[in-house]
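Heads up, the thing below is written out as structure tokens.
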Amino acid sequence: MSRIVVVTSGKGGVGKTTTSAAFATGLALKGYKTAVIDFDVGLRNLDLIMGCERRVVYDFINVISGEANIKQALIKDKRSDNLFILPASQTRDKDALTQEGVEKVLKDLAEDGFDFIICDSPAGIERGAALAMHFADDAIIVTNPEVSSVRDSDRILGLLQSRTLKAERGESIREHLLITRYSPTRVASGDMLAMEDILEILAVPLIGVIPESGSVLQASNSGVPVILDKESTAGQAYDDFVRRFLGETVPHRFLEVEKKGLFRRLFGG
Amino acid sequence: MESIIDLKGEMSLLTVLVLHSTDMHAISAALEAKRQQASHFLERSPIIIDCQLLGETGLELDFLQLKLQVSKFGLVPVGLRNLWEEAEAKAIAADWALLRPSKQQTIPNTPPVTEVNLTPEQPEAIQRLLVLDRPVRSGQQVYCPYGDIVVLQHTSAGSELLAGGSVHVYGALRGRVLAGVQGDTQARIFCERLEAELIAIAGRYRLLDEIESNLKGQSVMIYLDQEKLKIVPI
């Protein structure tokens, strides 16, 4: 049985695709056969962040409409044999997504022996987002430490509890909160919501805090998931997050303002 | 000098009967079917008739018959809404009140959308109590028309609780909360932390934008004292 995980947020630009790429890569590196699907039909980004945009032949919509089979459309990642990407279509619009089509693709992937299927949701609460979450077992709710993002995540949590297959069956999706772009310095200065405040509002178990880091942008631009950048704090935090998702107990890091050492305090830096 | 009467504009929750047809026999049969389902619900309920969907066929309505039929099923007709303009004179002649069209009704065929229906679908027995053990999220609306609502968690900004009776929230109350929506002035609101956007009891409402700061975040009870909403710490 594959475990289907939706990465969602409501608000755009909070780091869903960055998270999906890092998450899927992390799971694959730990030995799990993983597929990551871009549900953002019309605005495909995932293939860019995964660095496989030049290898897209068929896409998600081609598979749904029967123009290609799942094996033809899946792109094998260059860095891991366990990782496959199903890109979104750039030319179609989101009406091409149907519930039956999505269900069939997920079923095909499950039969192919995938351990995890990551659904990278588009922003908003429309069709694409609704279908990305519909069949999910788990949801990663990506939130930035600012009020509108937190409000939108709250809305998404409501939809997860009412609009999904699990909800229709009277079960509930496992919810995990992932805070991204967290800057302890700006929290200390009052520009950003603190982690505790976000948890207080959303009341969902925290699975990770990814610090604000320049390496995320750098990784996106070079098409390498940031989790592969072992030097960066964001890469390490994503690795912690994947391990927590797999059941390990890993303490949270990068929550405090970094103290400058004596040397740096004396000479600046 | 003591006033004998007061005239007030007020928000009350009324049932709206949306007509899809002008066929009086069909309407009558449909009302009968509804009564079979839930006889208590209709009894002595004030009701507004919405004619939005009829468009110009509203002209064909037999307004005298309509009033008669509606009353026959135990409903108390309040007035007509969104009626085709040229039919208005006919309605007034049959002694109907015409209500100002609500703004949201200008788009045809869009009944208010409830995101989540946490109340059971079939109203066989009147629900006296609705207990929720999960947070009420932004965008969710919980409606218990004839009973109390108890929330064991918090409610979020942008959520809405509507109860015919009282509302209890064992956590932070952040959204809107309307108690006594059928007009029960005895209904009360209790919460562990008051951070609500709007509170209302039996149609008297108050925005909590510039509420006394000493009550914000407090454990409070809200009740109606004469015509005023009172908030007291508990």
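No hydrogens, no waters, no symmetry mates; every other heavy atom, side chains included, goes into these values.
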(Q) For B:Arg134 versus A:Ser172, what's the shortest heavy-atom pair and its separation? (A)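 For B:Arg134 versus A:Ser172, the nearest heavy atoms are NH1-CB, 3.4 Å.
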
Q: Considering non-hydrogen atoms only, spot the tightest contact between A:Ala203 and B:His154 and give its length.
A: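 Smallest heavy-atom distance, with atoms named: CB-CE1, 3.5 Å.
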
Tell me whether the count of non-hydrogen atoms from other residues, nucleotides or ligands lying under 6.0 Å of [atom1] in [X] goes above 12.
| X | atom1 | value |
| --- | --- | --- |
| A:Arg44 | CZ | yes |
| A:Glu171 | CD | yes |
| B:Arg174 | CZ | yes |
| B:Gln226 | CD | no |

Q. Between B:Ser159, B:Ser138, B:Ala172, B:Ala157, which has the largest tally of heavy atom pairs under 4.5 Å with chain A?
A.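 Most pairs with chain A among the choices: B:Ser138.
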
Q: Compare all side-chain heavy atoms of B:Ser156 with those of A:Arg155 and state whether any distance is below 4.5 angstrom.
A: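 B:Ser156 vs A:Arg155: side chains apart.
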
Q.
So does A:Leu202 get a backbone contact from the side chain of B:Arg137, meaning a donor-acceptor N/O pair under 3.5 Å?
A.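 Pair found, side chain donor or acceptor close to backbone of A:Leu202.
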
Q | Rounded distance (nearest 0.5 Å) linking atom CD of B:Glu195 with atom CD1 of A:Ile201 | A |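 The CD atom of B:Glu195 sits 8.5 Å away from the CD1 atom of A:Ile201.
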
(Q) Using heavy-atom distances under 4.5 Å, tell me whether A:Val204 contacts chain B through its side chain, its backbone, both, or neither. (A)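 For A:Val204, side-chain heavy atoms alone lie under 4.5 Å from chain B.
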
